[in-house]
Amino acid sequence: ESGSYLQKGGLIQSATYTEKRVKVPVILKKILEIPEVQANINRIDAQGGTNTRAWVYVEDITTKGFTLIFMSWADTVLYSLGSNWFAYGK
């Protein structure tokens with residue numbers, strides 16, 4: 001299975017110099033074994049004037065789904081961050 005997600009609205013802001021994470025549950029269908037999951041950044045809209053720091057990764061992978069994590073840190077301000085994901089297995 002595959003899909004995409006766009007986190008927007010200034011929700012990923014870490015102006016307090018700490019990490020900011022947004023967790024998005026993804027539901028899978030027709031996966032019989034725990035799949036391999038790949039995620040990547042496909043879109044980013046960030047405020048200028050500072051370094052842009054962003055990371056997308058997955059955790060809590062099961063046959064029913066996984067959690068897609070959007071993360072930034074330090075003084076990064078993201079207005080949107082998009083991701084494509086791909087889950088494969090039997």
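Pairs passing the salt bridge (charged side-chain N to carboxylate O under 4.0 Å, His left out) check and including a residue from residues 46-56, sequence neighbours excluded, read R53-D75. For residues 40-61, every residue pair satisfying the ring pair (Phe, Tyr, Trp, His ring centres under 6.0 Å) rule, not counting sequence neighbours, is listed here: W55-Y57.
By the rule that hydrophobic residues join a cluster once side-chain heavy atoms approach within less than 4.5 Å of another member, L68 and I41 end up as members of one cluster. Hydrophobic clustering, with ILVMFWY side chains joined whenever heavy atoms are under 4.5 angstrom apart, keeps L28 apart from F86. When hydrophobic clusters are built by joining Ile, Leu, Val, Met, Phe, Trp and Tyr residues whose side-chain heavy atoms come closer than 4.5 Å, directly or via intermediates, V22 is grouped together with V26. Under a hydrophobic-cluster definition in which Ile, Leu, Val, Met, Phe, Trp and Tyr are linked whenever side-chain heavy atoms come within less than 4.5 Å, directly or via other members, W85 and I34 are assigned to the same cluster.
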Side chains of residues 58-67: which donor-acceptor partners sit under 3.5 Å, not counting sequence neighbours?
{"from": "T62", "atom 1": "OG1", "to": "K64", "atom 2": "N", "distance (Å)": "3.1"}
{"from": "T62", "atom 1": "OG1", "to": "G65", "atom 2": "N", "distance (Å)": "3.3"}
{"from": "T62", "atom 1": "OG1", "to": "G65", "atom 2": "O", "distance (Å)": "3.3"}

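For the pair S83 and A39, the tightest heavy-atom approach, listed with the atom from each and the gap, is OG-CB, 4.0 Å.
From L78, atom CG reaches atom CZ of R43 across 12.0 Å, with rounding to the nearest 0.5 Å.
Checking side-chain atoms of T52 against main-chain N and O of T76 turns up no donor-acceptor pair under 3.5 Å.
Between V56 and L81, the closest side-chain pair of non-hydrogen atoms falls below 4.5 Å.
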